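Presented below is the structure to which this report refers.
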2 protein chains.
Amino acid sequence: MEQTTRSKIIGAADALFYEHGLRSVSVDAIAERAGVTKRTLYYHFESKDALIAAYLAARDRPTVERYRDWLGDDGRPLPDRIVAMFAALASFAERPKWRGCGFTRAAVELAGQPGHPAVVMAADHKARFENWLAGELANGGVADAAAVGRQVMILLEGAIALMLVHRDTSYAVAAGEAAAALVSSALPETSTRAVEAVS
Amino acid sequence: MEQTTRSKIIGAADALFYEHGLRSVSVDAIAERAGVTKRTLYYHFESKDALIAAYLAARDRPTVERYRDWLGDDGRPLPDRIVAMFAALASFAERPKWRGCGFTRAAVELAGQPGHPAVVMAADHKARFENWLAGELANGGVADAAAVGRQVMILLEGAIALMLVHRDTSYAVAAGEAAAALVSSALPETSTRAVEAVS
DNA sequence: GTCTATACACAGATAGAC
DNA sequence: GTCTATCTGTGTATAGAC
């Protein structure tokens with residue numbers, strides 16, 4: 001079955017690329033971890049760049065699903081759900097193998113090659129994620145959901161970067177409080193009180 | 001003068017490391033750009049890793065000074081100064097050669113090697129920057145300046161990451177508005193009303 | 001589709017003359 | 001302090017058998 005071999009290779013690429021980065025991981029290492037030879041790998045993927053693109057493509061859906069779970073269902077007050085999402089991220093980042101966002105890291109490592117497929121995929125992933133976030137806020141009754149969604153997105157991204165640099169997951173909690181304050185301010189009734197409560 | 005040769009090498013390293021990243025730039029390329037041979041480079045620096053560390057060390061002060069300029073002097077209302085800082089960042093990021101924060105990018109690219117000197121330097125730089133930011137907020141009368149400073153720091157970091165991914169500098173403006181809102185909420189009532197009266 | 005074996009370029013780092 | 005020349009490992013990718 002070609003499917004099995006291909007997915008084994010992508011699984012090995014995911015483990016190594018995410019842990020060590022793109023350029024520092026060799027095709028040999030991926031092939032070895034996947035339990036195939038390099039020649040087999042090149043039968044399934046045209047080049048290392050193609051494998052990088054496949055690695056990110058496989059990460060797209062699980063990443064979005066994870067945040068969807070963290071945000072939870074409609075029902076609770078929106079600021080609480082936002083805080084919960086950031087708290088879950090903080091908990092997730094406690095894991096020793098956590099290394100930040102694979103998409104952002106790929107875009108950063110390939111910042112010198114703006115046309116690279118992986119960079120394009122990262123931008124697309126982030127745009128769709130921001131769009132989803134804005135939609136959730138709009139459903140929750142937030143005024144100007146696009147603008148607030150973008151601010152929450154920025155807080156998410158910044159928290160991930162600083163958690164990676166400092167290995168301190170409290171940044172996600174701090175970001176969650178800020179996000180909840182901004183969201184509360186954009187909700188119809190409780191705006192002023194909620195912001196002051198956080199500060 | 002040894003100083004001249006050494007600084008020429010660091011200058012070449014800065015240009016290439018910042019533009020293309022760490023691993024994708026060879027020592028040969030840096031030596032060539034500096035106008036020296038590889039052997040001379042290795043006379044001044046023990047290894048490529050040492051050169052990377054020197055590259056970041058040289059970037060530390062100019063980076064902080066730039067933000068200090070952008071925030072401006074005491075006198076204007078603090079939220080206005082915050083907005084101005086983010087606006088200046090947006091303008092700075094318009095330049096074609098802009099590639100985000102060299103410290104964060106180094107930490108991201110070396111995320112697989114937590115003990116690497118460059119990672120340690122990046123964390124130290126970010127910690128001192130956050131400290132400076134909190135100090136400025138405290139001087140401006142912000143309550144709980146440490147917590148708000150951290151939130152502003154997260155917004156800064158997130159805006160830089162997303163500007164790099166999307167090549168859209170409006171993220172810094174959006175982050176600046178969020179930061180100003182959070183700062184305003186942490187100011188005494190009198191200061192907040194003074195801001196509104198001026199604008 | 002998967003293997004063994006290998007081509008070819010380039011990486012980081014060093015030897016030793018001057 | 002700077003040079004020419006080189007060592008040695010590793011990188012991506014390919015040839016051709018089975």
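Numbers restart at 1 for each chain; the letters A, B, ... are given by sequence-line order, proteins then strands. Since this is a predicted model, take the numbers as computed values, not measurements.
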In whole Å, what is the span from the [atom1] atom of [X] to the [atom2] atom of [N]?
{"X": "Ile9(A)", "N": "dT12(D)", "atom1": "CD1", "atom2": "C1'", "value": "15 Å"}
{"X": "Leu16(B)", "N": "dA11(C)", "atom1": "CG", "atom2": "P", "value": "12 Å"}
{"X": "Leu51(A)", "N": "dG11(D)", "atom1": "CG", "atom2": "C1'", "value": "15 Å"}
{"X": "Glu32(B)", "N": "dC3(D)", "atom1": "CD", "atom2": "C1'", "value": "16 Å"}
{"X": "Leu41(B)", "N": "dT4(D)", "atom1": "CG", "atom2": "C1'", "value": "16 Å"}
{"X": "Lys8(B)", "N": "dG1(D)", "atom1": "NZ", "atom2": "P", "value": "14 Å"}
{"X": "Phe45(A)", "N": "dA13(D)", "atom1": "CZ", "atom2": "P", "value": "13 Å"}

Are OP1 or OP2 of [N] and a side-chain N or O of [X] less than 4.0 angstrom apart?
{"X": "Thr37(B)", "N": "dC3(D)", "answer": "yes"}
{"X": "Thr40(B)", "N": "dC3(D)", "answer": "yes"}
{"X": "Thr5(B)", "N": "dT2(D)", "answer": "yes"}

Excluding sequence neighbours, so at least two apart, what forms side chain to side chain donor-acceptor pair (under 3.5 Å) with Asp144(A)?
none
Partners passing side chain to side chain donor-acceptor pair (under 3.5 Å) against Lys48(B) (at least two apart in sequence or in another chain)
none
Please lay out, stage by stage, how Thr169(B) and Leu89(B) fare under the test side-chain contact (heavy atoms from CB on, under 4.5 Å).
CA-CA 8 Å; Thr169(B) 57; Leu89(B) 170 62; over 6 Å; no
Run Tyr171(B) and Glu130(A) through side-chain hydrogen bond (donor to acceptor under 3.5 Å, both in side chains) and show every step you take.
CA-CA 12 Å; Tyr171(B) 278 92; Glu130(A) 183 180 328; 2.5 Å; yes
Tell me, please, which residues at least two apart from Phe17(B) pass ring pair (Phe, Tyr, Trp, His ring centres under 6.0 Å).
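Applying ring pair (Phe, Tyr, Trp, His ring centres under 6.0 Å) to Phe17(B) gives Tyr55(B).
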With sequence neighbours left out, write down each residue that passes side-chain contact (heavy atoms from CB on, under 4.5 Å) with Thr37(B), or none if nothing qualifies.
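side-chain contact (heavy atoms from CB on, under 4.5 Å) list for Thr37(B), sorted by chain: Arg39(B), Thr40(B).
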Taking distance alone, no hydrogens or angles, what donor-acceptor pairs closer than 3.5 Å link side-chain atoms of residues 105-116 of chain B to residues at least two apart or in another chain?
| unit_1 | atom_1 | unit_2 | atom_2 | d |
| --- | --- | --- | --- | --- |
| Arg105(B) | NH1 | Tyr18(B) | O | 2.5 |
| Arg105(B) | NH1 | Arg99(B) | O | 3.3 |
| Arg105(B) | NH2 | Tyr18(B) | O | 3.4 |
| Glu109(B) | OE1 | Leu22(B) | N | 2.9 |
| Glu109(B) | OE2 | Leu22(B) | N | 3.3 |
| Glu109(B) | OE2 | Arg23(B) | N | 2.8 |
| His116(B) | ND1 | Ala118(B) | N | 3.0 |
| His116(B) | NE2 | Asp49(B) | OD1 | 2.8 |

Tabulate below the donor-acceptor pairs under 3.5 Å that side-chain atoms of residues 66-80 of chain A make, not counting sequence neighbours, or state none.
| unit_1 | atom_1 | unit_2 | atom_2 | d |
| --- | --- | --- | --- | --- |
| Asp74(A) | OD1 | Arg81(A) | NH1 | 3.1 |

Looking at DNA chain D, which of residues 107-114 of chain A put a heavy atom within less than 4.0 Å of it?
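Heavy-atom cutoff 4.0 Å gives no residues at all.
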Scan nucleotides 12-18 of chain C nucleotide by nucleotide, 5' to 3', and note B when protein non-hydrogen atoms come under 4.0 Å of the base, S if they reach only the sugar-phosphate, - if neither.
BBBBB--
Going by the rule salt bridge (charged side-chain N to carboxylate O under 4.0 Å, His left out), which residues pair with Glu177(B) if we only count those two or more places apart in sequence or in a different chain?
none
